*Asks:* 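Before anything else, here's the structure in question.
Predicted, not measured: the structure shown is a model, and the values here were computed from it. Below, chains carry the letters A, B, ... as their sequence lines are ordered, and counting in each starts from 1.
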Number of protein chains: 2
Amino acid sequence: MTGRRQEIRERNRLSLIEAVLDSVAEKGISETSVSEIIHRAELSRGMIHLHFGGKDNLVDEAARYSSEQYYNGIYALLETTGQTGQEHIEMIVRGDLSEAILNKKNVSIWYAFRGEARNRAAIAAFSDTRDAKLRNLVFNAFARIAKEAKVDDPNQVARDATHGTLAMLEGMWTDYLLHPDSFDRNEATRIVFRFLSSMFPAHFDLDGALSLE
Amino acid sequence: MTGRRQEIRERNRLSLIEAVLDSVAEKGISETSVSEIIHRAELSRGMIHLHFGGKDNLVDEAARYSSEQYYNGIYALLETTGQTGQEHIEMIVRGDLSEAILNKKNVSIWYAFRGEARNRAAIAAFSDTRDAKLRNLVFNAFARIAKEAKVDDPNQVARDATHGTLAMLEGMWTDYLLHPDSFDRNEATRIVFRFLSSMFPAHFDLDGALSLE
DNA sequence: GATTTAAATGGACGATTGTCCATTTTGCAA
DNA sequence: TTGCAAAATGGACAATCGTCCATTTAAATC
């Protein structure tokens with residue numbers, strides 16, 4: 001059993017991580033100082049060094065945590081849907097563009113870290129991990145779809161569809177970043193499905209996945 | 001005629017801007033300090049205040065300059081191509097993914113500024129401008145294509161194609177950011193054209209624009 | 001209840017930040 | 001060539017940065 005001592009310890013640890021994410025979302029990375037973090041976490045100055053050994057490690061940990069949250073969100077959605085390739089894809093697309101995942105806070109955080117990725121190995125590393133996992137999931141779904149669609153070179157088509165779909169979703173996030181208030185989720189979703197229905201007319205239409213007869 | 005005095009003045013001004021961009025590309029925004037900038041520009045400490053009134057203004061100006069450079073590059077390419085809609089689109093796609101525009105330095109800079117966009121009004125503002133201009137150019141091209149393709153609701157199709165194409169290009173930039181060494185320009189280009197040829201089979205194939213008979 | 005020890009505190013510290021201005025340099029006009 | 005003014009210099013400055021540790025607090029154990 002976890003003693004009260006360890007429980008408090010972990011709560012404080014988490015408070016620091018969440019304070020970093022809140023600050024990054026609201027003020028950006030360059031204004032996320034130690035003073036800012038400990039003020040938000042309502043903890044004392046020494047805690048960062050105690051728990052993480054330094055500010056940089058804490059920030060890396062916060063980035064990792066945030067990435068994990070995103071991925072858990074997508075995974076949870078996949079549990080709730082059917083098993084066909086097009087259902088998986090539909091769920092990923094809708095999930096990635098849903099309010100729960102694509103919102104001002106997450107976008108601010110994600111782009112702030114992306115901006116640092118080139119210069120911080122730790123951040124670049126799991127930014128990759130997220131992509132690799134998701135990419136694999138999407139590819140497997142498209143591989144099934146491409147096979148069913150009997151296209152020439154189904155492997156290449158599946159790879160292109162994966163790459164193209166993820167790229168388009170990335171671009172929608174950028175759109176949201178730059179115009180969070182005028183961004184239209186339904187329009188963004190429809191555009192992705194327009195792409196998919198052009199490529200696989202038997203599997204998708206503008207509204208999402210089709211069930212094959 | 002520009003006197004030698006003014007000429008030196010403007011050269012120094014530009015040196016500061018380029019020093020900022022070099023530093024942002026190499027070290028990131030958070031490590032781009034006044035000391036770093038003036039060291040790179042080989043100028044004295046007071047110059048930033050003299051020319052720009054402060055560091056923040058200089059950084060904003062550098063971001064504006066960088067955005068202008070991007071846009072000029074795309075525009076220059078458009079001068080060299082034909083006048084059909086699909087030729088314009090092809091040139092924008094190829095240009096946006098070309099070594100001259102999509103390279104490590106530009107990507108580092110662009111994402112660094114994007115990461116700050118949410119928290120710096122000046123940077124967000126022209127980040128928008130770039131998008132609005134380019135978007136308009138692309139939309140006009142797709143509007144012609146959609147009309148020729150005789151689709152239902154050509155206006156909506158053109159809007160979706162514009163949105164989808166730009167989103168996909170954005171996503172390719174992100175890909176390049178995260179995997180600059182394994183990124184394959186030809187593959188990225190082919191995927192965009194796969195999307196376009198699915199939507200407008202009479203205007204595009206996997207290799208780019210088709211000329212209508 | 002007394003003792004032990006892990007956890008948390010908060011201030012001291014040197015380094016670095018961006019700003020600003022008294023001084024020096026230098027191009028240009030008289 | 002001299003005098004003027006614009007431009008550039010570089011160090012002083014207060015503010016803030018992140019680190020670290022001597023001290024205090026409080027949970028766990030005896």
Side-chain angles (χ1 to χ4, degrees), chain A residues 1-24 26-63 112-113 116 119-123, chain B residues 1-24 26-63 112-113 116 119-123:
Chain A
M1 83 196 200
T2 61
R4 176 151 163 65
R5 210 181 186 108
Q6 187 175 341
E7 183 188 317
I8 293 175
R9 184 185 159 86
E10 284 180 8
R11 173 154 45 85
N12 285 338
R13 204 185 124 92
L14 195 59
S15 292
L16 287 172
I17 290 177
E18 282 172 348
V20 169
L21 295 179
D22 286 347
S23 172
V24 166
E26 274 182 45
K27 306 206 160 187
I29 280 203
S30 56
E31 296 209 45
T32 297
S33 62
V34 167
S35 303
E36 180 71 29
I37 295 166
I38 56 114
H39 176 253
R40 282 174 187 266
E42 294 180 322
L43 290 171
S44 63
R45 208 161 177 71
M47 290 292 265
I48 291 175
H49 180 254
L50 180 68
H51 280 287
F52 299 94
K55 185 198 164 191
D56 282 358
N57 289 343
L58 166 56
V59 171
D60 288 349
E61 196 58 29
F113 285 138
E116 292 280 289
N119 308 105
R120 295 183 64 155
I123 289 179
Chain B
M1 84 193 198
T2 59
R4 177 151 162 64
R5 207 180 189 109
Q6 186 175 343
E7 183 188 316
I8 293 175
R9 184 184 158 85
E10 285 180 7
R11 174 154 45 84
N12 286 338
R13 206 185 122 92
L14 195 60
S15 293
L16 287 171
I17 288 177
E18 282 171 349
V20 169
L21 294 178
D22 287 347
S23 172
V24 167
E26 274 182 45
K27 306 206 159 188
I29 280 202
S30 56
E31 297 210 44
T32 297
S33 62
V34 167
S35 303
E36 180 71 30
I37 295 165
I38 57 114
H39 176 251
R40 282 173 187 267
E42 294 179 324
L43 290 171
S44 62
R45 208 160 178 70
M47 290 292 263
I48 291 175
H49 180 254
L50 180 69
H51 280 287
F52 298 94
K55 186 200 164 190
D56 281 359
N57 289 343
L58 165 57
V59 171
D60 288 349
E61 196 58 28
F113 285 138
E116 292 280 288
N119 309 106
R120 295 184 63 153
I123 290 179

*Asks:* Whole angstroms only, please: what is the CD-P distance between Glu31(A) and dG18(C)?
*Replies:*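 It works out to 12 Å between those atoms.
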
*Asks:* Does Ser35(A) put a side-chain nitrogen or oxygen below 4.0 Å from OP1 or OP2 of dC17(D)?
*Replies:*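 Yes, Ser35(A) has a side-chain N/O under 4.0 Å of OP1/OP2 on dC17(D).
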
*Asks:* Please determine whether a side-chain nitrogen of the Lys or Arg among Glu7(A) and Arg11(A) lies less than 4.0 Å from a carboxylate oxygen of the Asp or Glu.
*Replies:*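 Between Arg11(A) and Glu7(A) there is no salt bridge, as every charged N stays at least 4.0 Å from the carboxylate O atoms.
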
*Asks:* Return the nearest nucleotide to the side chain of Ile8(A); candidates are dA7(D), dG11(C), dA8(C).
*Replies:*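 Nearest nucleotide to the side chain: dA8(C).
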
*Asks:* Distance check needed: dT9(C) C1' versus Leu43(A) CG, whole Å only.
*Replies:*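 After rounding, the reported distance stands at 10 Å.
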
*Asks:* Any side-chain N or O of His49(A) below 4.0 angstrom from OP1/OP2 of dC20(D)?
*Replies:*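 Yes, His49(A) has a side-chain N/O under 4.0 Å of OP1/OP2 on dC20(D).
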
*Asks:* Could you tell me the separation between the CZ atom of Arg45(A) and the P atom of dC13(C), rounded to a whole number of Å?
*Replies:*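 Rounded to whole Å, this separation is 15 Å.
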
*Asks:* Do Ile29(A) and Phe113(A) come close enough that some side-chain heavy atom pair is under 4.5 Å?
*Replies:*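 They are in side-chain contact.
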
*Asks:* Does OP1 or OP2 of dG10(D) have a side-chain N or O of Ser44(B) closer than 4.0 Å?
*Replies:*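 For dG10(D), neither OP1 nor OP2 has a side-chain N or O of Ser44(B) closer than 4.0 Å.
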
*Asks:* Start at the 5' end of DNA chain D and walk down; is the nucleotide closest to Ile48(A) or to Met47(B) reached first?
*Replies:*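 Going by which nucleotide is closer to the 5' end, it is Met47(B).
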
*Asks:* Take the protein atom CD1 of Ile37(A) and the nucleotide atom P of dG18(D), then report the distance between them rounded to whole Å.
*Replies:*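 Taking atom P of dG18(D) as the reference, CD1 of Ile37(A) is at 7 Å.
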
*Asks:* Output the rounded distance in Å from CG (Leu50(A)) to C1' (dT5(C)).
*Replies:*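 So the CG-C1' distance, Leu50(A) to dT5(C), works out to 14 Å.
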
*Asks:* I'd like to know if the side chain of Lys55(B) and the backbone of Thr32(B) have a donor-acceptor N/O pair within less than 3.5 Å.
*Replies:*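 At least one qualifying donor-acceptor pair exists.
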
*Asks:* Checking the side chain of Ser23(A) only, and the main-chain atoms of Ala19(A) only, is there a donor and an acceptor separated by less than 3.5 Å?
*Replies:*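 Not at all, since once roles are kept as given, no pair shorter than 3.5 Å links the two residues.
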
*Asks:* Look only at the side chain of Asn119(A) and the backbone of Glu26(B), and say whether a donor-acceptor pair between them is shorter than 3.5 Å.
*Replies:*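 Yes: the side chain of Asn119(A) pairs with the backbone of Glu26(B).
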
*Asks:* Kindly point out which of dA12(D), dA27(D), dA7(D) is positioned nearest to the side chain of Arg5(B)?
*Replies:*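 Of dA12(D), dA27(D), dA7(D), dA7(D) is nearest to the side chain of Arg5(B).
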
*Asks:* Considering only dT19(C), dA6(D), dA27(D), which nucleotide approaches the side chain of Arg4(A) most closely?
*Replies:*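 Within the option list, the nearest is dA27(D).
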
*Asks:* Base, sugar-phosphate alone, or nothing: which one does Arg9(A) contact when heavy atoms must sit under 4.0 Å apart?
*Replies:*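 Here Arg9(A) touches the backbone only, sparing every base.
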
*Asks:* Indicate whether OP1 or OP2 belonging to dA8(C) is found under 4.0 Å from a side-chain N or O atom of His51(A).
*Replies:*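 Yes, within the criterion.
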
*Asks:* What integer distance in Å separates Ile29(A):CD1 from dC17(D):C1'?
*Replies:*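 From Ile29(A) CD1 to dC17(D) C1': 16 Å.
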
*Asks:* For Glu10(A) and dA6(C), what is the distance between atoms CD and P respectively, to the nearest whole Å?
*Replies:*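 For the pair Glu10(A) CD and dA6(C) P, the rounded distance is 17 Å.
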
*Asks:* Need one value for Asn12(A): base, sugar-phosphate or nothing, where a base atom within 4.0 Å counts as base even if backbone is also close, heavy atoms only.
*Replies:*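 Sugar-phosphate, no base atom in range.
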
*Asks:* Between Arg11(A) (CZ) and dA27(D) (C1'), how many Å, whole number?
*Replies:*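 In whole Å, dA27(D) C1' and Arg11(A) CZ are 13 Å from each other.
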
